[in-house]
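If you read the sequence from its start, that first residue is 1, and numbering goes on from there.
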Amino acid sequence: MRVEIWGDIVCPWCYVGKARFEKGLAAFDHRDRVEVVYRSYELDAERPRGETSSVIDVLAKVYGCTPEEARAKEEHVAAGARGDGLPYLTEGRDHGNTFDVHRLLHLAKARGRQRELLDVVYRTNFAEQRSVFDHEVLAALAVEAGLDGAEARAVLADEQAYAADVRADEREAAELGARGVPFFVVDRRYGLSGGQPPELFTEVLEKAWQSRPAEGADTPGARG
């Protein structure tokens with residue numbers, strides 16, 4: 001059984017949702033029979049690549065609020081993340097175009113290290129004052145995740161490398177009706193969005209397992 005998770009590394013609820021899904025998966029009896037694939041989704045695709053702003057400034061602009069109100073929103077999200085055992089910095093983080101990060105995640109997928117890279121990228125973005133929008137930082141994270149540094153740098157230097165894969169993921173998300181992330185698709189038959197509690201993920205996994213179609217049957221699309 002396959003679970004596909006669309007998300008963006010600047011999305012705090014994707015960070016939280018991944019952790020909650022993994023807790024839900026750990027409680028699922030057939031977890032060893034589940035393949036998890038992470039797919040690309042850009043929350044700020046129109047932002048020029050290489051241009052960054054502080055998270056507080058971005059939130060203030062998006063929500064039309066003051067910096068103080070934006071900080072309060074970040075503290076609210078941080079409390080949720082910390083409640084799930086995730087480190088979270090509310091200050092000193094930046095925000096930018098994530099296309100290159102997603103391209104590198106597709107390289108990691110091809111090399112069997114996608115989850116490892118996603119983990120270190122999330123940790124760096126939300127818990128450390130290092131910018132994942134810096135190619136040298138990204139290359140270092142790739143090495144930390146078990147990838148070849150030279151190959152990672154070559155992918156980052158070539159704007160077309162894995163670009164089609166990112167765009168294909170984004171088109172597929174639109175076709176499946178995703179209006180935001182995180183977006184979880186279980187066995188192409190059940191869809192969930194948002195940072196749901198672990199128990200709900202376990203419940204949906206069990207439901208999908210019990211209702212699997214006969215081998216070779218069609219599985220047309222995800223439903224809520």
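Side-chain N or O atoms of W6 include one that pairs as donor or acceptor with a backbone N or O of D169 at under 3.5 Å. Checking side-chain atoms of T66 against main-chain N and O of E69 turns up a donor-acceptor pair under 3.5 Å. For the pair R113 (side chain) and A145 (backbone), a donor-acceptor distance under 3.5 Å is present. R31 places a side-chain N or O within 3.5 Å of a backbone atom of A26 that can act as its donor or acceptor partner. Side-chain atoms of R82 come within 3.5 Å of backbone atoms of Y88 as a donor-acceptor pair (strictly under, hydrogens ignored). Judged by distance alone, with hydrogens and angles left aside, the side-chain atoms of R189 form a donor-acceptor pair with the main-chain N or O of A208 at under 3.5 Å. Side-chain N or O atoms of D94 include none that pairs as donor or acceptor with a backbone N or O of T52 at under 3.5 Å. Looking only at distances, no side-chain donor or acceptor of R47 sits under 3.5 Å from a matching main-chain atom of N97.
The only option from E128, Q129, E74 that meets the side chain to side chain donor-acceptor pair (under 3.5 Å) definition with R93 turns out to be E74. Considering V37, L104, L118 in turn, V37 is the only one that fulfils the side-chain contact (heavy atoms from CB on, under 4.5 Å) rule with K109.
In this structure the side chain of F133 reaches within 4.5 angstrom of the side chain of V10, judged on heavy atoms. Side chains of V36 and F21 form a contact here, defined as non-hydrogen atoms less than 4.5 Å apart. L141 places a side-chain heavy atom less than 4.5 Å from the side chain of R130. Between V3 and L205, some side-chain heavy-atom pair lies under the 4.5 Å cut-off. Between E35 and R2 there is a side-chain heavy-atom pair separated by less than 4.5 Å. Between V34 and H30, the closest side-chain pair of non-hydrogen atoms is not below 4.5 Å. The side-chain heavy atoms of R188 and L176, taken from C-beta on, include a pair separated by under 4.5 Å. Contact annotation: the side chain of E144 approaches that of R123 to within less than 4.5 Å [non-hydrogen atoms, C-beta and beyond].
A cation-pi arrangement is absent between R39 and F183, since the terminal nitrogen or guanidinium carbon is not both under 6.0 Å from the aromatic centre and inside a 45° cone about the axis. Figure legend: cation-pi geometry between K73 and Y63, with NZ or CZ positioned under 6.0 Å from the six-membered ring centre and within 45° of its axis.
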Exercise for the section: Take L138 and V101 through the side chain to side chain contact (heavy atoms under 4.5 Å, CB included) test and state the conclusion after the steps. Expected result: CA-CA 8 Å; L138 269 181; V101 182; 4.0 Å; yes
Tell me, with the steps shown, if K18 and D119 meet salt bridge (charged side-chain N to carboxylate O under 4.0 Å, His left out). CA-CA 9 Å; K18 177 179 179 294; D119 283 343; 2.4 Å; yes
Hey, mind stepping through C14 and Y41 against side chain to side chain contact (heavy atoms under 4.5 Å, CB included) and telling me if it holds? CA-CA 11 Å; C14 297; Y41 191 102; over 6 Å; no
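Between I9 atom CD1 and E42 atom CD the span is 10.5 Å, to the nearest 0.5 Å. For the atom pair OG of S131 and CG of N125, the computed distance is 8.0 Å after rounding to the nearest 0.5 Å. Here the CG atom belonging to L43 is positioned 7.5 Å from the NE2 atom belonging to H95, to the nearest 0.5 angstrom. Separation of atoms OG (S40) and CD (E172) is listed at 11.0 Å; rounding is to 0.5 Å. A distance of 11.0 Å separates CG in L59 from OG in S53, rounded to the nearest 0.5 Å.
Residues V132 and V58 fall into different hydrophobic clusters, defined by Ile, Leu, Val, Met, Phe, Trp and Tyr side chains chained together at heavy-atom separations under 4.5 Å. Linking Ile, Leu, Val, Met, Phe, Trp and Tyr residues whenever their side-chain heavy atoms come within less than 4.5 Å leaves I5 and V166 in two separate clusters. Cluster annotation: F99 and L107 are assigned to distinct hydrophobic clusters (Ile/Leu/Val/Met/Phe/Trp/Tyr, side-chain heavy-atom contacts under 4.5 Å, transitive). Clustering ILVMFWY residues whenever any of their side-chain heavy atoms sit less than 4.5 angstrom apart, transitively, puts F201 in the very cluster that holds W13. Cluster annotation: Y15 and L192 are assigned to the same hydrophobic cluster (Ile/Leu/Val/Met/Phe/Trp/Tyr, side-chain heavy-atom contacts under 4.5 Å, transitive).
Considering all non-hydrogen atoms of both residues, G149 and V143 come closest at CA-CG2, 3.5 Å. Of all non-hydrogen atoms in P12 and V77, the two that sit nearest each other are CB-CG1, 3.4 Å. Heavy-atom minimum distance, V181 versus C11: O-SG, 3.7 Å. The two residues A142 and A152 come nearest to each other via the heavy atoms CB-CB, 3.6 Å. Across all their heavy atoms, T90 and A78 have their closest contact at CG2-CB, 3.6 Å. In terms of heavy atoms, A139 sits closest to L156 at N-CD1, 4.2 Å.
For H102 and D165, the side-chain atoms include no donor-acceptor pair closer than 3.5 Å.
Salt bridge R20/D84: present, at least one basic N to carboxylate O contact under 4.0 Å. Using a cutoff of 4.0 Å between basic side-chain nitrogens and carboxylate oxygens, R153 and E136 are scored as salt-bridged.
The aromatic rings of H106 and Y162 sit parallel, their planes meeting at an angle under 30°, below the 60° perpendicular limit. Ring planes of Y122 and F126: tilted class, angle from 30 to 60°.
Enclosure of atom CD in Q160 is not indicated, since only 12 or fewer non-hydrogen atoms of other residues, nucleotides or ligands lie within 6.0 angstrom. Other residues, nucleotides and ligands contribute only 12 or fewer heavy atoms inside 6.0 Å of the CD atom of E159.
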